[in-house]
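Here's the structure we're looking at; comments come further down.
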Amino acid sequence: MSSGIPTEHDVVVVGAGPGGYVGAIKAGQLGLKVACVEGRGALGGTCLNVGCIPSKALLNASHKFEDAKKHFASFGVVCGDVKLDLEAMMKKKESAVSGLTKGIEGLFKKNKVDYVHGWGKITGPNQVTVAKSDGTQEIMNAKNIVIATGSEVTPLPGVEIDEEKIVSSTGALSLKQVPKKLVIIGGGIIGLEMGSVWGRLGAEVQVLEYAKNIVPSMDGETRKAMERVLKKQGFKIKTQTKVTGATVTPNGVKLTVEPAAGGAAEEMEADVVLVATGRRPNTAGLGLEEMGIETDRAGRVVVDMATFQTKIPSIRAIGDAIAGPMLAHKAEEDGVACMETIAGKNGHVNYGTVPSIMYTHPEVAWVGLTEEQCKEKGLEYKTGKFAMMANSRARTNDEPDGMVKFISDKKTDKILGVHMVGVNAGELIAEVVFAMEYGASTEDVARTCHGHPTLSEAVKEAAMATYDKPIHM
């Protein structure tokens, strides 16, 4: 049965997450005949539907609730008995998601992207077979195929997710009531963000991390600063701990845990358990094996990172399906660069300037090398720091937690990495990403006039502290 959509395209994109939909739009802007295949029923992928966007909606709402309950009175705003309406909070989240997914549909129409509803499988070097919800199939032919299928939750042996008492990040976004005790398996960004949401709403939060440290990719000094804040907020954090089993009981979940290095097992109880042990490429059922497309040990599609091409030149892959950080904005950059290369232009992504952000309160953001990585590489470097408590805007807003840290080359002063803990760190990081993209030094940032009073002055002062001395500390 035909959908009426032309079956000959310059590009067929399989998957409509941040990489896929952005890439498809860019292809349309470049004048390519493009189709995007998605079976979820809504555009935007994991990020928009059950990831980045709904989690930020709940982080924002829960922060407002906690502010009203605990902090407004100190500013002279007395709210009386603040109550939680969880159902209304969830509806607000869903409204944000719905509005954005429909917005992408509008952008598809504007840029002449054919939206094909169904699950795509690669059945030839230039062919995608789409399985539709009504049981029919559509054969699509294309000069180029782009795999943009994103990632999925990595399962944890012995812990079976039911999305009710044992949940993934998807289930954690839709709990029907606030658990008394929430145990999070995995001390990465997703776990700590979800822990922040439910902790603010009243849950006792226990984090169990297998590694020596939470968020292992974070700069060590920055991590210690944030961990102190999390513990002050009520987080209980236990590292080097392995979860070997989970049993659902009438009252919740019973976990079996033991030291990561081995040792005596113990039991731990929770009302809800969140499995946040990471994500893996979502490539099952795509036809990769049948096509002979190579994947690495982590399941990522092996590509030429300059062109995104697999060993079959007409088939490319981007985003979470390939190597690199599993971040929506990285996938978007991949999507744009991939389509530019298909159109004969010079697409390029600088993976050394892709920022990472943790949307806790305060936020944590970083880009470039950590101090530990500089040591491993044998680089000669210098650092400079500035505490948020010395920033006038942060103090005025009563948000003094955090710091900004620069790492630069000892001889040239070129910025190697920047690490921030503080309110709006996710916004502040953009300035230094831009600076690093153009090979700037810390002196370049320090000599750039920043408005007063602003949080961004902490970035300027930390840069000053790196190449010379700060003024306000």
Side-chain angles (χ1 to χ4, degrees), residues 5-6 8-40 42-49 51-53 100-101 103-122 126 128 130 140-151 281-283 286 288 293 300-301 303-310 312-351 354:
I5 293 173
E8 295 284 346
H9 289 85
D10 293 313
V11 187
V12 169
V13 182
V14 183
Y21 90 73
V22 168
I25 290 171
K26 186 63 182 178
Q29 291 174 344
L30 290 167
L32 300 173
K33 184 181 290 186
V34 57
C36 188
V37 181
E38 174 58 61
R40 184 189 291 271
L43 299 172
T46 293
C47 175
L48 206 157
N49 290 278
C52 324
I53 299 304
L100 288 168
T101 56
I104 298 172
E105 289 188 34
L107 290 171
F108 270 18
K109 291 176 182 176
K110 176 183 177 182
N111 293 284
K112 300 180 180 178
V113 178
D114 293 329
Y115 175 17
V116 181
H117 299 255
W119 299 106
K121 180 178 180 179
I122 300 170
N126 301 97
V128 174
V130 182
M140 303 189 68
N141 298 313
K143 296 174 185 176
N144 299 277
I145 297 168
V146 178
I147 299 167
T149 47
S151 60
N282 184 22
T283 56
L286 269 179
L288 301 186
I293 295 174
R300 299 172 297 197
V301 180
V303 299
D304 178 334
M305 295 300 285
T307 64
F308 305 96
Q309 288 173 304
T310 66
I312 302 174
S314 59
I315 300 176
R316 292 168 163 82
I318 61 171
D320 287 5
I322 66 172
M326 288 185 168
L327 298 169
H329 44 282
K330 178 264 191 187
E332 291 179 354
E333 297 301 319
D334 283 355
V336 170
C338 180
M339 296 306 170
E340 288 174 335
T341 61
I342 289 173
K345 299 181 181 295
N346 296 317
H348 172 69
V349 180
N350 181 0
Y351 294 107
V354 174

Specify the closest pair of heavy atoms between [X] and [Y], including all atoms of both residues, with the distance to one decimal.
X    : Y    : result
P281 : R300 : CG-CG, 3.5 Å
Y115 : A42  : OH-N, 3.9 Å
G118 : V37  : O-CG1, 3.3 Å
A343 : L32  : CB-CD1, 4.4 Å
K143 : N126 : O-ND2, 3.1 Å
A148 : G19  : CB-C, 4.5 Å

Kindly say whether [Y] contributes a backbone atom to a donor-acceptor pair with the side chain of [X] at under 3.5 angstrom?
X    : Y    : answer
D10  : V34  : no
N111 : V113 : no
K121 : V130 : no
D334 : G319 : yes
T149 : N282 : yes

Side chain to side chain, [X] and [Y], heavy atoms closer than 4.5 Å:
X    : Y    : result
T283 : I293 : no
I322 : K330 : yes
V354 : E333 : no
E340 : K26  : yes
Y351 : M305 : yes

Test M140 against H9 for side-chain contact (heavy atoms from CB on, under 4.5 Å), laying out the working first.
-> CA-CA 8 Å; M140 303 189 68; H9 289 85; 3.6 Å; yes
Evaluate the side-chain contact (heavy atoms from CB on, under 4.5 Å) criterion for residues L48 and L43: first the C-alpha distance (whole Å), next the side-chain angles of each, then the deciding distance (0.1 Å), finally the verdict.
-> CA-CA 8 Å; L48 206 157; L43 299 172; over 6 Å; no
The single option from V146, V301, V349, I342 passing side chain to side chain contact (heavy atoms under 4.5 Å, CB included) against F308 =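 One option only clears the test, and that one is V349.
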Residue pair I147, L288: steps toward the side-chain contact (heavy atoms from CB on, under 4.5 Å) verdict | CA-CA 10 Å; I147 299 167; L288 301 186; 3.7 Å; yes
Inter-residue atom distance [X].[atom1] - [Y].[atom2], 0.5 Å rounding:
X    : Y    : atom1 : atom2 : result
C338 : N144 : SG    : CG    : 8.0 Å
I122 : T310 : CD1   : OG1   : 8.0 Å
D304 : Q309 : CG    : CD    : 6.5 Å

CA sep, side-chain torsions, deciding dist, call: T46, R40, side-chain contact (heavy atoms from CB on, under 4.5 Å) = CA-CA 9 Å; T46 293; R40 184 189 291 271; 3.4 Å; yes
